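Beneath this line is the structure, given in C-alpha cells, with notes to follow.
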Amino acid sequence: MTASGTPVTSASDMAEPADTVRVPVALGERSYDILIGRGVLGEAGALIARRIPGCRAAIVTDSTVGRHHLETLESSLAEAGIDCSAIVVSPGEGSKNFATFEQVVDAVIAGRFERGDAIVALGGGVVGDLAGFVAGVVRRGMHFVQIPTSLLAQVDSSVGGKTGINVSHGKNLVGVFHQPDLVLADTGVLDTLSERHFRAGYAEVVKYGLINDADFFVWLEENWRDVFAGGPARTHAIATSCRSKAAIVARDERESGERALLNLGHTFGHALEAATGYGDRLVHGEAISIGMVLAHDFSVRMNLASKDDADRVRAHFAGVGLPTTLAEIPGDLPDADGLMTLISQDKKVSRGSLTFILTHGIGKAFIAKDVVPDAVRDFLAEAKAAGART
Ligand SMILES: NC(=O)c1ccc[n+]([C@@H]2O[C@H](COP(=O)([O-])OP(=O)(O)OC[C@H]3O[C@@H](n4cnc5c(N)ncnc54)[C@H](O)[C@@H]3O)[C@@H](O)[C@H]2O)c1
Ligand SMILES: O=C(O)C(=O)C[C@@H](O)[C@H](O)[C@H](O)COP(=O)(O)O
Ligand SMILES: [Zn+2]
C-alpha cells in the first residue's frame, strides 16, 4: 500500500528492458526501484502500468525537455492504455517558485486527477522538485514517478524524495519529503542535454566520491572523459551515484543525521544560488562545484584536511570545466555579511547554530555542528577579496 492507500506492484517484481541496471531504494513500504538504461523512456507506459495499475498520468515537463522527449513518453503511455495530459512549464530554476507551483496544482486539480493517479515528472531537477512537491500535497499525496532527463536528476534529484521550491530567503525552503513510486533514468535522453548542464550534473557525481568513496573519486579522475563521452562509463557513473545515494537515504530518509552528508558544498552553494537570483548566472551544479571547493578549503583552514586533497578537488572540477572560485560567477555578489545572512537560512541550522559538511580529506566528509560564524565570514571575505585581486 502507498500513502494514498492504492495497492501497487511491489518494487521488486517489475519487468524492465534488457541491459537495464536496477538500483533498489529500500524504504520499507515506500521502497522503489531506479531503472537505468538506454531506451527506458519508451517502456515507461508498461512499467508505470505495472507499478500503479489503472492510474491516469499528469505529466509535468518543461518546454525544452518536452520538445525533445514528450512525444515518446505520451506514445508509451498510450500504448499501455494510460490516459495522460501534459503540463508544460518554462525551463530553468525560475520555475521552482510559488507562481509555477500554483499553476501546476491548478492544472492537476482541474484535470480531475485523483489521489490514486500519478504525477509524472519528465525533466531535470527543477521539474522533479516542483512536480514532486505537487504530488506530495495535492489531495494530500498522489503517486509520483520520476523520469529524470538531466545528468543531475539521474544521479541525485530523482532519488530520495526531497521536493520543493525556492523563496527569496533561500533554496528549497518550502517543500515536503515525498518518495517516488518509480524512477526511470533513460541514459539515451542525455544525448540532447547541453554540455553546460551535463557538466553541472557531473559536480553531483563527484560529490559521492568526495563524501565517502575515495576509490570512486580516483576512478572519475581517470575516466571522466569517458563519462562525458557516453557509453558504459557513463552508465557506471550514474549507477554508482544512485547506489551511493540510495544507501544513505535508506539509512536516514528524513535527514535526521547521515543524510546531511549529501549536502556537501550546498551550504555555500545554496547561498550563491540565492545571491545570484536562481537563474542562468549560476546553475545548481556550478554553485555546488564552487561550494565543494570552498568546503574543502575551509576544512584546510580549520586544520581538518590537507591542502593537497583540497588542491586535487579543485584541479578535478577545473579540469572538467566547472567553476571553482567566486570570481568566476558573472556579476556582483553580496559581501561576506550578505552571504552569511543567506547561509543563516540553511535548513541544517539548529537552535541558531551553523552546521556544515566538512572533510578530513577525499572520501572523508563529516557533519560539523556549531561551526563558528565569524570563521566562515572571514573565510568568505578572503575568498571574495582573492577574486577581486584576479
Ligand atoms: N531533490 C533533490 O534531492 C535534489 C538534488 C539535487 C538537485 N536538486 C535540484 O535540482 C535542480 C537542478 O536540476 P538540473 O540541473 O537538472 O536543472 P534543470 O531541471 O533546470 O535542467 C537543466 C536544463 O537542461 C534542460 N534539460 C533537461 N533535460 C534535458 C534533456 N534531456 N535534453 C535537453 N535539455 C534538457 C532543462 O530544460 C534545463 O534548461 C535544482 O533546483 C536543485 O536544487 C534537487
Ligand atoms: O538528497 C539530499 O539529501 C541532498 O542534499 C541532495 C542535494 O544534492 C540536493 O541539492 C538537495 O535538494 C539539497 O537539499 P536541501 O535540503 O539542502 O534543500
Ligand atoms: Zn545538490
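Throughout, numbering of the chain's residues begins at 1 and tracks the sequence. Indexing begins at 1, ligand by ligand and atom by atom, following the structure's order. Note that the coordinates shown come from a computational prediction; the quantities given were computed from them, not determined experimentally.
- Distance from atom 39 (O) of ligand 1 to its nearest protein heavy atom, with residue and atom name: P91 CB, 3.8 Å.
- A salt bridge links K162 with E255: the distance from a Lys NZ or Arg NE/NH1/NH2 to an Asp or Glu carboxylate oxygen falls below 4.0 Å.
- Contact annotation: K245 has at least one heavy atom less than 4.0 Å from an atom of ligand 2.
- In terms of protein heavy-atom proximity, atom 43 (O) of ligand 1 is nearest to K171 NZ, 2.6 Å.
- A distance-only check finds no donor-acceptor pair linking the side chain of N172 to the backbone of G164 [under 3.5 Å].
- In this structure, R199 forms no cation-pi arrangement with F228, as its terminal cationic atom is not both closer than 6.0 Å to the ring centre and no more than 45° off the ring axis.
- Across the listed options E93, Q154, H266, E93 owns the non-hydrogen atom lying nearest to atom 41 (O) of ligand 1.
- Atoms of ligand 2 found under 4.0 Å from any heavy atom of K347 (numbered from 1 in listed order, with element): 15 (P), 16 (O), 17 (O), 18 (O).
- Here atom 26 (N) of ligand 1 lies nearest to V65 when heavy atoms of T163, V155, V65 are compared.
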| task | Go through the steps for R314 and D297 under the test salt bridge (charged side-chain N to carboxylate O under 4.0 Å, His left out), then give the verdict. | result | CA-CA 9 Å; R314 186 189 343 276; D297 284 348; 3.0 Å; yes
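- If you check each of G125, S194, S90 against atom 14 (P) of ligand 1, the one with the closest non-hydrogen atom is G125.
- On a distance-only criterion, K171 and ligand 2 share no N/O pair closer than 3.5 Å.
- Using a 4.0 Å cut-off between charged side-chain N and carboxylate O, D117 and R139 make no salt bridge.
- Residues T359 and K364 share a closest heavy-atom pair of OG1-O, 3.3 Å.
- In this structure a side-chain-to-backbone donor-acceptor pair under 3.5 Å is present from D181 to F144.
- For the Zn ion (ligand 3), the N/O/S atoms of D156 include none lying under 2.8 Å.
- At least one heavy atom of K245 sits closer than 4.0 Å to an atom of ligand 1.
- In this structure, the protein non-hydrogen atom closest to atom 16 (O) of ligand 1 is S150 OG, 2.5 Å.
- Note on I211 and V218: separate hydrophobic clusters, where clusters join Ile, Leu, Val, Met, Phe, Trp and Tyr whose side-chain heavy atoms are under 4.5 Å apart, directly or indirectly.
- Restricting E204 to its N, O or S atoms, the one at the least distance from the Zn ion (ligand 3) is OE2.
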| query | Under the side chain to side chain contact (heavy atoms under 4.5 Å, CB included) criterion, do V120 and V60 qualify, and how do the steps go? | reply | CA-CA 6 Å; V120 178; V60 182; over 6 Å; no
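- Annotation: atom 37 (O) of ligand 1 to nearest protein heavy atom, D62 OD2, 2.8 Å.
- Side chain to side chain, K348 and T267 meet the donor-acceptor criterion of an N or O pair below 3.5 Å.
- For ligand 2, the atoms sitting less than 4.0 Å from at least one non-hydrogen atom of E255 are 3 (O), numbered in the order shown with element in parentheses.
- In this structure, F366 CZ and L261 CG are separated by 10.0 Å, a value rounded to the nearest 0.5 Å.
- Protein heavy atom closest to atom 12 (O) of ligand 2, with residue, atom name and distance, is N172 ND2, 3.3 Å.
- Protein heavy atom in closest approach to atom 18 (P) of ligand 1: V126 CG2, 3.8 Å.
- F133 has its ring centre less than 6.0 Å from the ring centre of F101.
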| task | Any chance you could lay out the side chain to side chain contact (heavy atoms under 4.5 Å, CB included) test for V205 and F216, step after step, and finish with the verdict? | result | CA-CA 9 Å; V205 175; F216 184 47; 3.8 Å; yes
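- Counting only heavy atoms from C-beta outward, the side chains of H68 and V189 never approach each other to under 4.5 Å.
- Among protein heavy atoms, atom 21 (O) of ligand 1 sits closest to G124 CA, 4.2 Å.
- Nearest to atom 35 (C) of ligand 1 among the protein's heavy atoms is L193 CD1, 3.6 Å.
- No more than 12 heavy atoms of other residues, nucleotides or ligands sit less than 6.0 Å from atom CG of D332.
- The protein heavy-atom contact nearest to atom 5 (O) of ligand 2 is N263 ND2, 2.9 Å.
- The closest heavy-atom contact to atom 23 (C) of ligand 1, among the options H284, H197, H270, comes from H197.
- Contacts between D156 and ligand 2 below 4.0 angstrom, taking non-hydrogen atoms only, involve the side chain exclusively.
- Applying the 4.0 Å criterion to heavy atoms of K162 picks out, from ligand 2, the atoms 1 (O), 2 (C), 3 (O), 4 (C), 5 (O), 14 (O), 15 (P), 16 (O).
- Remark: D83 CG is packed, more than 12 non-hydrogen atoms of other residues, nucleotides or ligands lying under 6.0 Å away.
- Atoms of ligand 1 found under 4.0 Å from any heavy atom of D129 (numbered from 1 in listed order, with element): 1 (N), 2 (C), 8 (N), 9 (C), 44 (C).
- Judged by the shortest distance from any of its heavy atoms, D156 lies inside the 4.0 Å radius around the atoms of ligand 1.
- Atoms of ligand 2 lying under 4.0 Å from at least one heavy atom of H284, given by number and element, are 10 (O).
- For atom 32 (N) of ligand 1, the closest non-hydrogen atom on the protein side is T192 OG1, 2.6 Å.
- Against a heavy-atom cut-off of under 4.0 Å, H270 is close to the following atoms of ligand 2: 13 (C), 15 (P), 17 (O), 18 (O).
- Among L152, V89, T149, L190, the residue whose heavy atom lies nearest to atom 31 (N) of ligand 1 is T149.
- Using a 4.0 Å cut-off between heavy atoms, E273 makes no contact with ligand 1 at all.
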| request: For Y202 and S289, run side chain to side chain contact (heavy atoms under 4.5 Å, CB included): C-alpha distance rounded to whole Å, both residues' side-chain angles, the deciding distance at 0.1 Å, then the answer. | output: CA-CA 9 Å; Y202 180 77; S289 168; over 6 Å; no
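- Of the options K207, R259, E253, R254, the smallest heavy-atom separation from atom 2 (C) of ligand 2 is shown by R259.
- Among protein heavy atoms, atom 9 (C) of ligand 2 sits closest to H266 NE2, 3.8 Å.
- Looking at H266, its N, O or S atom nearest to the Zn ion (ligand 3) turns out to be NE2.
- Below 4.0 Å from some heavy atom of H69 lie the following atoms of ligand 1, by number and element: 31 (N).
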| side chain to side chain contact (heavy atoms under 4.5 Å, CB included) assessment of N97 paired with Y278 | CA-CA 10 Å; N97 65 7; Y278 308 118; over 6 Å; no
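- In terms of distance to the Zn ion (ligand 3), the nearest N, O or S atom of H284 is named NE2.
- A 6.0 Å sphere centred on CG of D226 holds more than 12 heavy atoms belonging to other residues, nucleotides or ligands.
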